Chemist: 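This is the structure I have questions about; it appears just below.
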Amino acid sequence: MTAKAKIMLSMALAAVLVAGGLGIAAWQGVFAGGRGDIAAGDICSNVPHRERAAEIFRSVLPGNSSYSFAPLMKQGDDIFASGCDVYGGKLSDRKYLLNFYAHRTALGWTEARDGEVVHREYGVGLEPFKAGDKAWAGSRLAFIGMTCRKKTTKKPEMNRMVVTVIAQTPLEASDTKATSVLKELAVDFARQVHKDAECEVPARLPEG
């Protein structure tokens with residue numbers, strides 16, 4: 001092979017390698033901005049163990065170039081609501097990924113659960129687990145019902161608290177792992193809700 005031919009062959013191989021590298025980089029999202037990071041400080045302050053929550057989010061939330069969090073807190077004599085919405089992507093085309101929400105209810109636990117999941121795909125495959133008074137979880141939702149006030153309270157809606165964590169978009173995990181993750185997030189959140197709402201009845205939540 002002549003020196004000129006060797007040079008031409010080397011240039012061709014280099015071009016192939018560069019093109020392959022660019023293709024891999026594009027596939028990994030380098031040119032699309034990559035997967036956005038989630039820091040503990042980004043997460044709503046009413047979500048506990050934010051460092052651990054951030055680690056969970058980074059591992060199972062659908063990949064997006066950025067993430068945003070919208071907190072909710074309403075508290076007074078006759079009302080309590082606490083929540084955090086998790087979004088992926090830019091404001092113009094962001095996707096609703098995950099929702100934490102807790103509120104008071106006068107409903108029975110099964111009725112309250114069904115009210116959260118009626119006609120929703122995330123209500124499929126729920127199985128009971130031990131937390132609070134009643135709890136169910138699946139790969140898209142974890143629900144915990146816990147007594148907050150003594151039953152002698154004049155306003156029945158002050159007695160009971162519903163806590164849910166819902167994957168509005170399916171998590172990037174197996175159904176088993178997704179269910180486990182939602183349980184963990186819901187139990188942690190329920191513990192914080194029990195404290196924030198100044199509940200009088202023991203939470204009966206797993207240690208953590």
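Please read all numbers here as calculations on a predicted model, not as lab measurements.
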Chemist: May I have all residue pairs that pass disulfide bond (SG atoms under 2.5 Å apart) and include part of residues 159-206, sequence neighbours excluded?
Modeler: C148-C199

Chemist: Under the rule for side chain to side chain contact (heavy atoms under 4.5 Å, CB included), what residues qualify as partners of A137, not counting sequence neighbours?
Modeler: F129, A142, T179, K183

Chemist: Only pairs at least two apart or in different chains count here, so list each salt bridge (charged side-chain N to carboxylate O under 4.0 Å, His left out) that has a residue in residues 80-93.
Modeler: none

Chemist: Measure the CG-CD1 distance between N99 and I166 for me, rounded to the nearest 0.5 Å.
Modeler: 5.5 Å

Chemist: Check whether any side-chain heavy atom of Y122 lies under 4.5 Å from a side-chain heavy atom of Q168, and answer yes or no.
Modeler: yes

Chemist: Answer whether the closest heavy-atom distance between the side chains of R52 and E184 falls below 4.5 Å.
Modeler: yes

Chemist: Is any side-chain heavy atom of R149 closer than 4.5 Å to one of V201?
Modeler: no

Chemist: Counting C-beta onward and ignoring hydrogens, is there a side-chain heavy-atom pair between L141 and V165 closer than 4.5 Å?
Modeler: no

Chemist: Are any non-hydrogen side-chain atoms of I144 and L205 less than 4.5 angstrom apart?
Modeler: yes

Chemist: Got a sec, which residues hit salt bridge (charged side-chain N to carboxylate O under 4.0 Å, His left out) with E172, two or more places apart in sequence or on another chain?
Modeler: R35

Chemist: Less than 4.5 Å apart, side chain to side chain, heavy atoms only: is that true for L171 and L182?
Modeler: yes

Chemist: Restricting to non-hydrogen atoms, name the atom on A197 and the atom on R104 that form the minimum distance, rounded to 0.1 Å.
Modeler: O-NH2, 4.0 Å

Chemist: Can you name the residues that form a ring pair (Phe, Tyr, Trp, His ring centres under 6.0 Å) with F189, not counting sequence neighbours?
Modeler: F100

Chemist: For side chain to side chain contact (heavy atoms under 4.5 Å, CB included), just list the numbers for V181 and F57, CA-CA rounded to whole Å, side-chain angles, deciding distance to a tenth of an Å, and then say yes or no.
Modeler: CA-CA 9 Å; V181 162; F57 293 161; over 6 Å; no

Chemist: Is there a side-chain contact between M146 and V193, using heavy atoms and a 4.5 Å cut-off?
Modeler: yes

Chemist: When clusters are formed from ILVMFWY side-chain contacts under 4.5 Å, directly or step by step, what else is grouped with Y96?
Modeler: Y87

Chemist: Specify the closest pair of heavy atoms between R160 and L107, including all atoms of both residues, with the distance to one decimal.
Modeler: NH1-O, 3.1 Å

Chemist: Grab the two heavy atoms, one from I38 and one from Y67, that are nearest each other, plus how far apart they are.
Modeler: CG1-CD1, 3.6 Å

Chemist: Could I get the full list of side-chain hydrogen bond (donor to acceptor under 3.5 Å, both in side chains) partners for S82, not counting sequence neighbours?
Modeler: N46

Chemist: So which atom in G145 and which in W109 form the shortest heavy-atom distance, rounded to 0.1 Å?
Modeler: CA-CZ3, 3.4 Å

Chemist: Under the side-chain hydrogen bond (donor to acceptor under 3.5 Å, both in side chains) test, which residues partner R204, sequence neighbours left out?
Modeler: D133

Chemist: For N64, what residues pass the side-chain hydrogen bond (donor to acceptor under 3.5 Å, both in side chains) criterion, not counting sequence neighbours?
Modeler: none

Chemist: Begin with the C-alpha distance, continue with both residues' side-chain angles, and end with the deciding distance and a verdict on side chain to side chain donor-acceptor pair (under 3.5 Å) for D196 and Q192.
Modeler: CA-CA 6 Å; D196 292 341; Q192 185 65 45; 3.0 Å; yes

Chemist: Could you work out the complete set of other residues in the hydrophobic cluster of Y101, with links drawn between I, L, V, M, F, W and Y side chains under 4.5 Å apart?
Modeler: L72

Chemist: Please name the pair of heavy atoms, one in P206 and one in V187, separated by the smallest distance, quoted to 0.1 Å.
Modeler: CD-CG1, 3.9 Å

Chemist: Which residues satisfy the side chain to side chain contact (heavy atoms under 4.5 Å, CB included) test with T110, sequence neighbours excluded?
Modeler: R113, D114, W136

Chemist: With the side chain counted from C-beta on, respond yes when H103 and M161 share a heavy-atom pair under 4.5 Å apart, and no when they do not.
Modeler: no

Chemist: Check for a donor-acceptor pair, side chain of R94 on one end and backbone N or O of G88 on the other, with a separation under 3.5 Å.
Modeler: no

Chemist: If you measure from CG on D37 to CG on D42, what distance do you get to the nearest 0.5 Å?
Modeler: 7.5 Å

Chemist: Can you list everything that forms a salt bridge (charged side-chain N to carboxylate O under 4.0 Å, His left out) with D175? Sequence neighbours excluded, please.
Modeler: none

Chemist: Calculate, to the nearest 0.5 Å, the distance between atoms CD1 and CG belonging to I56 and L98 respectively.
Modeler: 10.0 Å

